[in-house]
Amino acid sequence: MKISIGSKIIEGPWGGGNLFAINLSKYLSDKGNDVIYDLSEPDIDLILLTDPRSRSESSSTFNHIDILKYKKYVNPNVSVVQRINECDERKNTSNINDFYLEASQVADHVVFVSKWLQDIYINKGMDNDKTSVILAGANPDIFTFSINDFEEEQTKLKIVTHHWSAHFNKGFKIYKLIDELIDTERFKDKIEFTYVGNYQEEYNLKNTKIVKPLFGKELANELKKHDIYVTGSLNEPSGNHHIEASQSGLPVMYINSGGIPEYCEGFGVEFDEINFEERLIYLKNNLLEYRKNLENYPFNSDKMSSEFYALFKSLINLRQKSKVEKVSLIGYFYLKKNKYSNKFRMFSNIKSKVSSIFKLRFKDGYQ
């Protein structure tokens with residue numbers, strides 16, 4: 001199969017969508033499939049739309065309009081899948097849900113990263129019969145299960161979280177609460193808290209260790225230095241952060257919000273702003289039991305990718321196989337445009353990456 005994934009591949013710390021594209025690409029390639037990231041070839045079997053927003057707003061390489069043109073001018077037999085991992089509820093926006101719903105008209109099938117997110121779009125009017133849920137997962141070769149020794153008499157319980165985005169809804173209300181607990185008599189000298197990722201100084205986490213964004217093995221090694229993972233993320237459709245922690249053997253404290261409970265139930269403890277202290281103590285007292293249970297944590301990128309692969313094959317098999325007709329003149333120039341646009345984006349990505357490294361090297365505030 002020739003599959004086009006509509007996302008740039010960015011090396012280094014980035015968002016969960018980028019990790020999804022990396023993991024799925026590797027899985028498909030290992031199965032002998034041809035994976036590309038644009039619409040520059042006439043014989044694509046399946047197109048995966050990852051984000052219909054403009055390239056200036058996201059890491060997408062094409063949107064639903066581009067797919068419509070490809071089907072009209074080049075290959076009407078191509079199958080299309082849209083993966084949705086975004087909604088207005090996540091960052092208090094007002095235009096995402098309607099826009100993604102409109103974009104879904106180009107898709108033969110729509111995949112959601114949680115049942116919670118699927119319900120949002122079904123309630124907006126999306127046809128339930130063309131949708132399914134495939135839960136996300138992290139690379140099991142990087143985020144490997146381990147149980148660190150934890151002794152009751154050790155000085156401090158080590159708590160950690162990590163995010164690429166520094167948006168307040170990622171949980172900074174809870175992270176501020178933990179930061180303040182460190183100053184209280186009840187928890188003074190008993191807990192420590194590490195935040196890994198992008199961070200805004202206005203959050204003023206005085207007692208928290210702030211670590212720059214990490215990626216891959218570096219991130220996995222950092223997580224494994226800790227005992228408990230916490231996420232205060234609100235209305236998160238899926239998120240990779242808690243998955244990476246769970247695969248690494250860290251029980252997760254999580255809020256009943258968004259799709260996160262679908263990943264964490266049974267592998268951590270739910271809490272709210274009022275009962276956080278009690279739930280933290282409960283988890284500490286039952287830490288070994290929860291850690292052992294994580295050995296059976298079911299979500300990883302191999303499982304996720306295998307489900308996508310099965311879906312792709314079923315959709316392609318449903319389509320009537322017919323020889324692609326000779327591409328029209330309009331289609332020929334459309335393919336050429338996409339090819340050169342992709343080369344330009346690759347050059348821009350390299351330039352942007354070099355610029356980011358240069359800026360990070362001289363940026364203060366990270367430790």
Side-chain angles (χ1 to χ4, degrees), residues 7-8 10-21 51 53-60 85-96 113 136 138 159-182 192-216 218-220 222-223 225-226 228-245 250 252-255 257-260 263 273 276 349 352-353 355-367:
S7 177
K8 291 180 283 191
I10 301 169
E11 296 299 328
W14 204 258
N18 183 59
L19 291 172
F20 163 76
D51 194 335
R53 291 177 294 180
S54 67
R55 298 181 186 100
S56 62
E57 297 176 281
S58 70
S59 59
S60 65
N85 65 342
E86 185 63 277
C87 60
D88 286 316
E89 288 77 2
R90 189 164 80 96
K91 293 183 179 178
N92 302 319
T93 53
S94 60
N95 62 333
I96 293 293
V113 294
I159 306 169
V160 66
T161 194
H162 73 289
H163 298 283
W164 171 252
S165 170
H167 192 281
F168 187 77
N169 279 1
K170 282 295 184 178
F172 284 96
K173 187 174 184 180
I174 296 301
Y175 308 149
K176 183 66 175 177
L177 182 153
I178 298 172
D179 187 80
E180 292 172 350
L181 282 181
I182 295 174
E192 63 180 46
F193 182 46
T194 300
Y195 176 88
V196 181
N198 289 309
Y199 168 75
Q200 296 183 31
E201 293 295 335
E202 65 190 63
Y203 294 147
N204 193 28
L205 301 181
K206 298 182 296 182
N207 302 303
T208 300
K209 180 182 179 183
I210 307 297
V211 178
K212 68 180 181 180
L214 298 177
F215 172 74
E218 273 192 299
L219 174 58
E222 179 64 33
L223 293 177
K225 296 176 185 177
H226 299 81
I228 288 174
Y229 191 90
V230 63
T231 174
S233 191
L234 299 173
N235 295 324
E236 184 92 48
S238 163
N240 262 42
H241 58 295
H242 53 89
I243 301 172
E244 293 167 344
L250 273 67
V252 177
M253 297 187 68
Y254 63 96
I255 292 174
S257 178
I260 288 179
Y263 293 83
E273 193 176 347
F276 176 81
N349 289 343
S352 176
K353 187 69 176 177
S355 177
S356 297
I357 294 172
F358 182 81
K359 289 178 181 178
L360 185 60
R361 183 174 295 173
F362 293 97
K363 185 176 181 181
D364 295 327
Y366 283 129
Q367 51 183 330

* Might you work through the side-chain contact (heavy atoms from CB on, under 4.5 Å) test for Ser233 and His242, ending with a clear yes or no? => CA-CA 10 Å; Ser233 191; His242 53 89; over 6 Å; no
* Structure fact -> Heavy atoms of Asn198 and Pro213 approach each other most closely as OD1-CG, 3.5 Å
* Quickly, which of Glu236, His163, His241 forms a side-chain hydrogen bond (donor to acceptor under 3.5 Å, both in side chains) with Thr231? Name it, please. => His241
* **Main-chain N/O of Lys206 paired with Asp179 side-chain donor or acceptor, under 3.5 Å** => yes
* Between Asp88 and Asn95, which heavy-atom pair has the shortest distance, and what is it? -> OD1-N, 3.0 Å
* Pairing residues for His162 by the ring-ring contact (aromatic ring centres under 6.0 Å, His included) criterion, not counting sequence neighbours -> Tyr229
* Partner set under salt bridge (Lys or Arg N to Asp or Glu O under 4.0 Å) for Glu202, not counting sequence neighbours -> none
* Lys176 side chain near Leu205 side chain, heavy-atom distance below 4.5 Å -> yes
* Could you state the interatomic distance from CG (Leu223) to CG (Leu250), rounded to the nearest 0.5 Å? -> 6.5 Å
* **Smallest separation among heavy atoms of Tyr263 and Ser238, with atom names** => OH-OG, 3.1 Å
* Gap between atom CE of Met253 and atom CD1 of Ile159 - 0.5 Å precision -> 7.5 Å
* Asked: Measuring from Thr93:OG1 to Glu86:CD, what's the distance to the nearest 0.5 Å?
  -> 6.5 Å
* For Phe276, enumerate each residue passing the ring-ring contact (aromatic ring centres under 6.0 Å, His included) test, keeping only those at least two apart in sequence or located in another chain. => Phe271
* Between OG1 of Thr161 and CD1 of Ile174, what distance do you get to the nearest 0.5 Å? -> 11.0 Å
* Asked: What are the two closest heavy atoms between Arg53 and Ser60, and how far apart are they?
  -> O-OG, 3.1 Å
* **Gap separating the CG atom of Asn235 from the CG atom of Asn92, nearest 0.5 angstrom** => 7.5 Å
* Separation of Tyr203 OH from Tyr175 OH (nearest 0.5 Å) -> 11.0 Å
* **Intermediate values then yes/no, side-chain contact (heavy atoms from CB on, under 4.5 Å), Ile96 and Arg90** => CA-CA 10 Å; Ile96 293 293; Arg90 189 164 80 96; over 6 Å; no
* Structure fact -> Between Ile243 and Ala138, the two heavy atoms sitting closest are CG2-N, 3.7 Å
* **Taking every non-hydrogen atom, the tightest pair across Thr194 and Glu222** => CG2-OE2, 4.1 Å
* Does any non-hydrogen side-chain atom of Phe193 lie less than 4.5 Å from one of Leu181? -> no
* **Heavy-atom side-chain proximity of Phe215 to Leu19 below 4.5 angstrom** => yes
